[in-house]
Amino acid sequence: MTVSIGAMLFSTVNPLGAAAMRLFATFLVLVSFHANADWRLDPQRSALHFVSTKNVHIAETHSFDEFSGKLNNKGELTVSINVASVNTLIDIRNTRMRDMLFNVSDFATAEFMTALPADVMAMATGDARMLTITGSLTLHGKTVEMPVTVHVTKLIDNTFSAVTVKPILVDARQFDLETGVDALQAIAALNNISHTVPVSFAVTFAPQ
C-alpha cells in the first residue's frame, strides 16, 4: 500500500500532522481576519474638543458629544459628527450655536475623511507612530483639506488609538461660518470672537 507524504503530514493520527493542521487552520483564520477586518470608533474611549476665544483673552473649551467612525483594513477612515450635539456647558449658547452658527436644520452632520498608510495599519501590538496625514473636513456644506498630526498606537486587543499631537486650526471663513460667528458676537454683546478655532481629539477604534 502506498501512502503519500502529504497524507502522512496531515494525518490526524500522526502527532506532527495534527499540529500542522492546527497551524494551518490558525493561518487561515488570521488571513480571513485581516482580509475582512473593520474597526468602529468606541465613543466611550473617544473625545472631540474645540476652543473658542472671545474678547481677545477669554478662551473656553467645548465639545461634540455624539460622533461615530469607521476604519477598514485599507486604512480608509471616516468620522461623522452630529453637529447638534455641540456642548458648551451653557444651554442658551448651545442653542445659538446650533441655530445661528452651524445651521443644523440644513447641515446636521460634519464629516472628516482620511487614510492611514499601510505601514501604520501593519503595526505590531505595542507599536506607536507619529505622523502627519492629509484629511478632508466637510462642514456647513464646504469641504476643506487640512493636515493633521497624530500619534497612533496599536493596542493589545487589536485596537487603534489616535491622539492629536498639535491642535488642528479650523478657520470659520473657509466654511462660510463667519456670518454666524458675527451673529453670535452681536447677540452676546461681545467685542469679538476669533474666527480661528483649535480642534483636538482622542479616538479609539475597536474591531467590530
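Quick caveat: nothing in here was measured; it's all calculated off a predicted structure. In this chain, numbering begins with 1 at the start of the sequence shown.
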Pairs satisfying ring-ring contact (aromatic ring centres under 6.0 Å, His included), at least one member in [range], at least two apart:
{"range": "residues 187-208", "value": "none"}
{"range": "residues 138-194", "value": "Trp39-Phe160, Phe107-His140"}
{"range": "residues 72-93", "value": "none"}
{"range": "residues 117-138", "value": "none"}

Under the salt bridge (Lys or Arg N to Asp or Glu O under 4.0 Å) definition, can you give me all pairs with a residue in [range], not counting sequence neighbours?
{"range": "residues 50-65", "result": "Lys54-Glu60, Glu60-Arg93"}
{"range": "residues 105-127", "result": "Asp119-Arg129"}
{"range": "residues 159-181", "result": "Lys142-Asp176, Asp171-Arg173"}

Taking all atoms of both residues into account, what is the closest heavy-atom pair of [X] and [Y], and its distance?
{"X": "Thr132", "Y": "Pro147", "answer": "CG2-CB, 4.1 Å"}
{"X": "His62", "Y": "Ser52", "answer": "NE2-OG, 2.7 Å"}
{"X": "Val83", "Y": "Thr109", "answer": "CG2-C, 3.8 Å"}
{"X": "Leu41", "Y": "Ser68", "answer": "CB-C, 4.2 Å"}
{"X": "Gln185", "Y": "Asn191", "answer": "NE2-O, 2.9 Å"}
{"X": "Ser63", "Y": "His49", "answer": "CB-CD2, 3.6 Å"}

| query | With a cutoff of under 4.5 Å between side-chain heavy atoms, which Ile, Leu, Val, Met, Phe, Trp and Tyr residues group with Val165? | reply |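 Once heavy-atom contacts under 4.5 Å are chained together, Val165 belongs with Met130.
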| query | Other than Ile92, which residues form its hydrophobic cluster under the rule that side-chain heavy atoms must be closer than 4.5 Å? | reply |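 Its cluster partners, ordered by chain and number, are Ile90.
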| said: Let's go through Ser46 and Phe67 carefully: what are the C-alpha distance in whole Å and the side-chain angles of both, what is the deciding distance for side chain to side chain contact (heavy atoms under 4.5 Å, CB included) to 0.1 Å, and is it a yes or a no? | reply: CA-CA 9 Å; Ser46 303; Phe67 52 99; 3.9 Å; yes
Counting C-beta onward and ignoring hydrogens, is there a side-chain heavy-atom pair between [X] and [Y] closer than 4.5 Å?
{"X": "Ile58", "Y": "Thr53", "answer": "no"}
{"X": "Leu131", "Y": "Val152", "answer": "yes"}
{"X": "Val197", "Y": "Leu169", "answer": "no"}
{"X": "Asp38", "Y": "Lys70", "answer": "no"}

| Ala115: what forms a side chain to side chain contact (heavy atoms under 4.5 Å, CB included) with it, not counting sequence neighbours? |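 Listed in chain order: nothing, the list is empty.
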| field | side chain to side chain contact (heavy atoms under 4.5 Å, CB included) partners for Asn82, two or more places apart | value |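 Partners of Asn82 by the side chain to side chain contact (heavy atoms under 4.5 Å, CB included) criterion, ordered by chain and then number, come out as Glu66, Ala84, Ser85.
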| Got more than 12 heavy atoms from elsewhere within 6.0 Å of CD1, Ile156? |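 12 or below, so no.
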| message | For the OG1 atom of Thr143 and the CE atom of Met113, what is their distance to the nearest 0.5 Å? | response |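 Interatomic distance, Thr143 OG1 to Met113 CE, rounded to 0.5 Å: 9.5 Å.
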Are [X] and [Y] connected, step by step, through hydrophobic side chains (Ile, Leu, Val, Met, Phe, Trp, Tyr) whose heavy atoms are closer than 4.5 Å?
{"X": "Leu190", "Y": "Leu184", "answer": "yes"}
{"X": "Val170", "Y": "Val203", "answer": "yes"}
{"X": "Phe50", "Y": "Met100", "answer": "yes"}
{"X": "Val181", "Y": "Val51", "answer": "no"}
{"X": "Val104", "Y": "Met97", "answer": "yes"}

| said: Test side chain to side chain contact (heavy atoms under 4.5 Å, CB included) on Leu139 and Leu177; report intermediate values, then the result. | reply: CA-CA 9 Å; Leu139 173 66; Leu177 291 170; 3.8 Å; yes
When you measure from the side chain of [X] to the backbone N and O of [Y], does any donor-acceptor pair fall under 3.5 Å?
{"X": "Thr114", "Y": "Thr134", "result": "yes"}
{"X": "Lys154", "Y": "Met123", "result": "yes"}
{"X": "Thr159", "Y": "Leu155", "result": "no"}
{"X": "Asn87", "Y": "Phe64", "result": "no"}
{"X": "Asn94", "Y": "Thr88", "result": "yes"}

| task | With side chain to side chain contact (heavy atoms under 4.5 Å, CB included) as the test, would you mind laying out the steps for Ile81 and Phe112 before giving the verdict? | result | CA-CA 8 Å; Ile81 304 160; Phe112 179 78; 5.7 Å; no
| task | Determine whether the side chains of Asn192 and Ser194 contain a donor N or O and an acceptor N or O closer than 3.5 Å. | result |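 Checked: Asn192/Ser194 side chains show no N/O donor-acceptor pair below 3.5 Å.
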| request: Keeping to residues at least two apart or across chains, list the side-chain hydrogen bond (donor to acceptor under 3.5 Å, both in side chains) pairs with something in residues 198-208. | output: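 Residue pairs passing side-chain hydrogen bond (donor to acceptor under 3.5 Å, both in side chains), neighbours aside: Arg40-Gln208.
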| What's the verdict on side chain to side chain contact (heavy atoms under 4.5 Å, CB included) for Ile133 and Leu116, showing C-alpha distance, side-chain angles and the deciding distance? | CA-CA 7 Å; Ile133 53 180; Leu116 298 179; 4.1 Å; yes
